[in-house]
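Note sheet for the following structure.
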Amino acid sequence: MAASQNLFADMQKRVLAAANALIGEGVLPAGTDLSRVVVEPPKDATHGDMATNAAMVLAKEAGRKPRDLAEAFAGKLRADDLVARVDVAGPGFINLTLRPAAWLDALRAAIAAGERYGHSDIGKAEKVNVEYVSANPTGPMHVGHCRGAVFGDALANLLAFTGYDVTREYYINDAGAQVDVLARSAFLRYREALGETVGAIPDGLYPGDYLKPVGEALAREYGRSLNEKPESEWLPLVRTRSVAMMMNMIRDDLAALNVNHEVFFSERSLVEGDDLVGRMIAQLRSAGEVYEGRLPPPKGAPVEDWEDREQTLFRTTDFGDDVDRPLLKSDGSYTYFASDIAYHKSKFDRGFHTMIDVWGADHGGYIKRMQAAVKAVTGGKAALDVKVVQLVKLLRGGEPVKMSKRAGEFVTLREVVDEVGRDAVRFMMLFRKNDAVLDFDLAKVIEQSRDNPVFYVQYGHARGCSIFRMARETLPDLPAEPQSRAAFLQRADLARLADEGERALIRKIAQFPRVVEAAALSHEPHRIAFYLYELASEFHGQWTRGTGSPHLRFIIQEDSQLTAARLALVQGVVTVLATGLALLGVAAPDEMR
RNA sequence: GCGCCGGUAGCUCAGCUGGAUAGAGCACCAGACUUCGAAUCUGGGGGUCAGGGGUUCGAAUCCCUUCCGGCGCGCCA
């Protein structure tokens with residue numbers, strides 16, 4: 001029996017093979033849809049090692065009773081060399097108990113694969129573009145940006161690990177009115193750097209001190225020359241320079257979080273030069289999807305300067321949107337939406353047929369039109385999945401942290417990372433489903449307790465490493481270097497792992513590839529975080545059982561064979577914890593004293 | 001008014017894309033260190049899965065509806 005990394009996938013194949021055999025025998029009709037058949041760990045361990053719903057899902061189409069069909073499956077599966085026992089239970093579940101050796105082989109395969117354990121090729125090298133952060137280049141990153149940054153980064157890791165060809169991308173909004181405001185704000189700091197007294201920063205400009213260095217740089221570079229020019233001349237220069245400096249700052253902030261993009265894509269590049277936005281609009285126009293028309297006034301909050309006028313509209317309703325959307329502002333320039341369409345078209349033209357955008361909750365209302373636009377502009381050949389990350393509520397000891405955007409007083413990403421550490425920020429951001437609001441308590445995340453899952457999981461890893469350090473007294477040959485150690489431990493007699501707690505740990509380890517796959521397919525990295533927490537929990541449990549029952553300890557002085565087998569188990573745990581944490585971008589320390 | 005996202009134990013949240021008796025942590029109560037790291041572990045109580053209908057062998061999960069909370073609703077990004 002070939003050692004495989006994913007025992008659940010193996011068993012799924014075998015169940016499907018059984019189904020096909022039953023089709024051949026006429027028990028199931030030809031062409032039966034097998035896509036709903038799953039093999040999963042049962043909720044209750046007394047039901048066996050794995051369960052499949054095959055009989056229940058296929059019963060209707062076959063015109064048979066689920067339990068009868070289950071018996072037919074059972075007949076096939078009993079002959080399988082991985083299977084020790086098959087039971088039909090409940091409404092038609094097929095419960096499988098595997099031969100012990102199957103689990104031991106799975107553990108051995110995990111150890112052998114090392115940091116590649118859990119890796120797969122389900123992505124088939126398909127190109128995927130993950131766009132995340134894309135914060136406006138008008139200032140440093142604040143806490144609100146953290147979650148999307150960490151989420152997008154972990155998701156990209158996950159997709160790369162499962163065989164996708166991933167590109168991490170950041171869209172720089174350097175073409176709108178905001179960067180003109182940035183330029184004017186920087187210009188004020190420039191005059192200040194030249195010795196002028198500027199006083200209070202006027203309303204409508206960015207007040208933050210972070211623009212002072214920009215002003216000083218401009219003064220060094222241009223001297224007084226900019227001051228003598230009209231705004232129409234200095235603005236583009238100052239804007240370019242300011243955006244570049246803001247992006248450097250943002251890149252540094254991201255680096256502090258261990259987030260690294262491969263592509264920084266400029267919105268301005270779509271508007272200037274080849275005018276890709278204009279071309280895109282022309283293309284849509286010739287396809288009959290652009291027209292001049294009027295829109296009904298928006299409901300709800302009254303719009304002050306509403307004016308019923310004709311404008312250039314994109315017929316997004318043809319592609320699933322609620323209303324058609326304007327492409328041009330009243331001054332003739334492109335709307336943000338227009339540039340964004342061209343941007344997504346650029347992704348498609350660069351070969352990405354799968355795109356994932358990570359947005360903040362306040363952009364939720366924008367999803368439909370963007371998906372409609374992608375459909376229109378790619379002829380339905382590309383898929384856009386938009387992941388919305390919900391708000392982060394920043395607390396300290398249960399009390400909300402006050403922030404005032406108006407006064408430029410916001411907590412920066414950098415401050416939070418400096419205070420609680422990169423690992424804590426990353427793990428906590430991922431220890432919640434992306435579309436649920438997240439409470440982030442600065443006081444709690446530095447607590448070192450079970451209440452703080454970051455330390456709990458990291459401690460599991462450190463504890464495993466600690467066992468290896470201690471074990472060298474019993475097993476002097478045990479290599480310290482992880483890879484040689486893994487090679488050494490693979491040769492252990494794993495059949496010595498007979499304790500129920502040990503077997504449960506093995507089963508948990510064997511689930512890792514399945515969890516990785518599910519997390520990647522659903523674009524939900526939080527599943528990795530929760531799985532790691534559970535694995536650490538079972539590991540801590542097995543450890544503590546040894547304090548009460550010395551014969552259950554991992555290191556047994558008088559039995560080096562048993563010790564080697566148990567260390568192999570620890571190796572499996574440590575491997576999975578390290579790999580899983582790496583996917584989340586969190587460190588796996590060898591010790592935490 | 002419309003759209004999107006949420007509503008699961010006192011609190012914070014999972015629930016593997018429709019499966020078996022709905023699970024963790026915190027808090028509370030009672031326990032476990034002369035011994036591989038107690039930053040750990042074991043046990044206990046605690047539920048109308050917001051309410052109501054429907055779909056089917058089977059629903060916290062899918063559909064409809066009501067209620068509550070968040071976000072959004074030309075020419076901001």
| said: Work out how far the P atom of B:C76 is from that of B:U17, and round it to whole angstrom. | reply: 44 Å

If pairing means Watson-Crick or G-U wobble with both distances under 3.5 Å, then the partner of B:G6 is B:C68

### Task
Report yes if a donor N or O on one partner sits less than 3.5 Å from an acceptor N or O on the other, where the partners are the side chain of A:N95 and the base of B:A20; otherwise report no.
yes

Quiz item: How far, in whole Å, is B:U65 from B:G3 if one measures between their P atoms?
Solution: 9 Å

Any strand, both distances under 3.5 Å, Watson-Crick or G-U wobble: B:A30 pairs with B:U42

Between CG of A:L313 and C1' of B:C75 the distance, given in whole Å, is 11 Å

Assign each of A:A518 and A:R36 the nucleotide of RNA chain B bearing its closest heavy atom; nearer the 5' end lies the nucleotide of A:A518

Say you pick atom C1' in B:G54 and the same atom in B:G18; how far apart are they, in whole Å?
-> 15 Å

Contacts of A:A89 and A:I467 projected onto RNA chain B by closest heavy atom; the upstream (5') one is A:A89

#### Entry: Main-chain N/O of A:G118 paired to A:Q5 side chain as donor or acceptor, under 3.5 Å
yes

Taking a pair to mean Watson-Crick or G-U wobble geometry with both distances below 3.5 Å, B:G25 pairs with B:C11

Atom CZ of A:F539 and atom C1' of B:G37 are separated, to the nearest Å, by 11 Å

Regarding the side chain of A:Y459, the nearest nucleotide among B:G25, B:G74, B:A38 is B:A38

* Using the six-membered ring of A:F539, assess whether NZ or CZ of A:R463 lies under 6.0 Å from its centre and within 45 degrees of the ring axis. => no

Contact class for A:E591 vs. all strands (heavy atom < 4.0 Å): base, sugar-phosphate, or nothing?
-> base

Heavy-atom donor-acceptor pair, A:R432 side-chain to B:U12 base, under 3.5 Å
no

Base orientation of B:U55, chi within 90° of 0 counted as syn, else anti, reads anti

More than 12 foreign heavy atoms under 6.0 Å from CG of A:D33: is that the case here? yes

In whole Å, measure the gap between the P atoms of B:A24 and B:C16 for me.
16 Å

With the side chain defined as heavy atoms from C-beta on, A:M56 is closest, among B:C41, B:G15, B:G19, to B:G19

Out of B:G74, B:A14, B:A38, minimum distance to the side chain of A:W543 belongs to B:A38

Relative to its sugar, using the 90° cut-off around 0, the base of B:C13 is anti

Note to self: Would A:F93 count as stacking on B:G19 if stacking means ring centres less than 5.5 angstrom apart and planes tilted under 30 degrees?
What the structure shows: no

- Query: Are the ring of A:H47 and the six-membered base ring of B:A20 within the stacking cut-offs of under 5.5 Å and under 30°?
  - Reply: yes

From the candidates B:G58, B:C75, B:G3, the one with an atom nearest any side-chain atom of A:K368 is B:G3

Does A:R496 pair with A:D559 as a salt bridge, N-O distance under 4.0 Å?
yes

Of the candidates B:G3, B:G6, B:U35, the side chain of A:D435 sits closest to B:G6

When all nucleic acid strands are considered with a 4.0 Å heavy-atom cut-off, which category describes A:Y336: base, sugar-phosphate, or nothing? base

Checking N1-N3 plus N6-O4 or O6-N4 for Watson-Crick, or N1-O2 and O6-N3 for wobble, each under 3.5 Å, the partner of B:C49 is none

Whole-Å P distance, B:A59 and B:A22: 12 Å

Per atom distances to the A:F530 side chain, the nearest of B:A77, B:A14, B:C5 is B:A14

### Message
By the 4.0 Å heavy-atom rule, please label A:Q311 as base, sugar-phosphate, or nothing.
### Response
base

**Asked** With a non-hydrogen cut-off below 4.0 angstrom, is A:A51 in contact with a base, only sugar-phosphate, or nothing?
**Response** base

Against the side chain of A:I555, the closest entry in B:C71, B:C36, B:A20 is B:C36

Base, sugar-phosphate, or nothing for A:K65, non-hydrogen atoms under 4.0 angstrom? nothing

Under 6.0 Å from the six-membered ring centre of A:F8 and within 45° of its axis: does the NZ or CZ of A:R514 meet both? yes

So for A:R514 and B:C16, does any side-chain atom that can act as donor or acceptor lie under 3.5 Å from a complementary atom in the base? yes

What I want to check is whether an N or O donor and acceptor connect the side chain of A:H526 with the base of B:A14 at under 3.5 Å. no

Which is true for A:G176 with a 4.0 Å heavy-atom rule: it touches a base, it touches only sugar-phosphate, or it touches nothing?
sugar-phosphate

Partner of B:G1 under the Watson-Crick or G-U wobble criteria, both distances under 3.5 Å, comes out as B:C73

Is the backbone N or O of A:P326 less than 3.5 Å from a side-chain atom of A:T335, with the two atoms forming a donor-acceptor pair by type?
yes

Closest to the side chain of A:R463, out of B:A38, B:G19, B:C75, is B:A38

When all nucleic acid strands are considered with a 4.0 Å heavy-atom cut-off, which category describes A:M470: base, sugar-phosphate, or nothing? sugar-phosphate

Categorize A:Y531 for me: base, sugar-phosphate, or nothing, with a 4.0 angstrom heavy-atom threshold over every strand shown.
nothing

- Side chain A:Q458, main chain A:A587, donor-acceptor under 3.5 Å: yes

- prompt: Which is true for A:P550 with a 4.0 Å heavy-atom rule: it touches a base, it touches only sugar-phosphate, or it touches nothing?
  reply: nothing

Which is true for A:V437 with a 4.0 Å heavy-atom rule: it touches a base, it touches only sugar-phosphate, or it touches nothing?
sugar-phosphate

Worksheet entry | Sugar-phosphate, base or nothing in reach of A:E534, heavy atoms under 4.0 Å | nothing

Using the ring of each side chain (for Trp, its six-membered ring), is A:Y366 parallel, tilted or perpendicular to A:H363, with breaks at 30° and 60°? perpendicular

Determine, step by step, whether A:K347 and A:E169 satisfy the salt bridge (charged side-chain N to carboxylate O under 4.0 Å, His left out) criterion, reporting the C-alpha distance in whole Å, the side-chain angles of both residues, the deciding distance to 0.1 Å, and the verdict. CA-CA 10 Å; A:K347 292 183 189 175; A:E169 196 153 314; 5.5 Å; no

Touch check for A:A462, heavy atoms < 4.0 angstrom, all strands: base, sugar-phosphate only, or nothing?
base

